[in-house]
Number of protein chains: 2
Amino acid sequence: MYRTTIEDAVFPNCPIRNILARLCDKWSLLVIYTLDKAGKEAVRFKELQREIPDISQKMLTVTLRTLEDDGYVTRTVYPEVPPRVEYALTARAYTLLPHVNALIAWALENRDAIMEDRRKACKK
Amino acid sequence: MYRTTIEDAVFPNCPIRNILARLCDKWSLLVIYTLDKAGKEAVRFKELQREIPDISQKMLTVTLRTLEDDGYVTRTVYPEVPPRVEYALTARAYTLLPHVNALIAWALENRDAIMEDRRKACKK
DNA sequence: CGGAATCCCTGACGATACTG
DNA sequence: CAGTATCGTCAGGGATTCCG
């Protein structure tokens, strides 16, 4: 199973590439947002899948592992049968969340106008 | 020449997927940031390439066109020889910029800690 | 100078099947 | 339940060439 690359080759210190580009893959922001929205301390794997119905099970696993690697998420395995695994946001993730939520709010406000522009551009 | 997809199939109204995921490709944020950083009204194509040396000419073109489609950037062609084309951020882009800059600042603050976590995770 | 067109390839991602 | 393993696809992206 793969994970995304560790560092950008040409600009190893570029915060946009090394930190933001990683958060900006297809699913990461959505997973963080969903974990927060749940309003609980911890969320089970299956529950996340229900909240994001069109993510594949593989990509949910990979995304969570990558988020764990970068310290946004903790993964807790309870030695039960059947197994129970819970994911929770870290303190770091909570300092990021206001910015993410601001972005989402901005996107919501501008969605209609942007989609309209996009449609126009598409017809040309 | 391709451009990224227009709408997300399953959640056509999801602001994260339709607006943010588009901004979060490999180059868009960096181009917006670079246009802003230049501190001018308009920036020429070649100049952008110099500022982002490892972007290919094709991807710079595609990224700029997509940003134009979504109304973040204007493209002005001057009928000269040799041709001159200038790109500028729109008002919409300027309302987005504070959020982007906040994210970049956050990434800078947390870069060392995140990279450290990432390295540890990598060794396991 | 600022592209467009073409070719090509990697890796991100999905689907499916299997497992402790 | 929460994964891992395997395989296949294809779109994102690079390199190169050509053009007004």
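Just so we're on the same page: letters track the sequence lines, and every chain starts at 1. The structure presented is a predicted model; accordingly, all values stated were derived computationally and were not measured. Note that these values count all heavy atoms, side chains included, but never hydrogens, waters or copies made by symmetry.
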Identify whether any heavy atom of A:Gln57 sits under 4.0 Å from a base atom; if not, whether one sits that close to sugar-phosphate; answer base, sugar-phosphate or nothing.
base
Between A:Leu64 (CG) and D:dT4 (P), how many Å, whole number?
11 Å
A:Leu89 pairs by side chain to side chain contact (heavy atoms under 4.5 Å, CB included) with which of A:Leu96, A:Val43, A:Thr74, A:Val73?
A:Val73
In terms of the angle between their ring planes, are B:Phe45 and B:Tyr87 parallel, tilted or perpendicular, with boundaries placed at 30° and 60°?
tilted
For the pair made of CD in A:Glu68 and C1' in D:dA2, what is the distance, rounded to whole Å?
14 Å
Answer with base, sugar-phosphate or nothing: what part of the nucleic acid does B:Tyr87 contact at a heavy-atom distance below 4.0 Å?
sugar-phosphate
Rounded distance in Å - CD (A:Glu80) to P (D:dC1)
13 Å
A:Lys26 atom NZ is separated from D:dA11 atom P, nearest whole Å, by 11 Å
Can you confirm whether B:Tyr33 is buried at OH, in the sense that more than 12 heavy atoms of other residues, nucleotides or ligands lie under 6.0 Å from that atom?
no
B:Lys46, nearest nucleotide to its side chain (from C:dG2, C:dA4, D:dT4)
C:dG2
What nucleotide among D:dG3, D:dC1, C:dG3 has an atom nearest to a side-chain atom of B:Arg75?
C:dG3
Considering only NZ, NE, NH1 and NH2 on the basic side and carboxylate oxygens on the acidic side, decide whether A:Asp69 and B:Arg118 come within less than 4.0 Å.
no
Without decimals, in angstroms, what is the distance between B:Met59 CE and C:dA5 C1'?
16 Å
Atom CD of B:Glu47 and atom C1' of C:dG2 are separated, to the nearest Å, by 14 Å
Would one find more than 12 heavy atoms of other residues, nucleotides or ligands at under 6.0 Å from atom CD of A:Glu41?
no
Is the phosphate of D:dA2, meaning OP1 or OP2, less than 4.0 Å from a side-chain N or O of A:Arg44?
yes
To the nearest Å, give me how far apart CG (B:Leu48) and C1' (C:dC1) are.
14 Å
With the side chain defined as heavy atoms from C-beta on, B:Ser56 is closest, among D:dG14, C:dA4, D:dG3, to D:dG14
Checking C:dG3, D:dA2, C:dA15 against the side chain of A:Lys58 (C-beta onward), the nearest is C:dA15
Does D:dT4 have OP1 or OP2 sitting under 4.0 Å from an N or O in the side chain of A:Arg65?
yes
Separation of A:Leu60 atom CG from C:dC13 atom C1', in whole Å?
13 Å
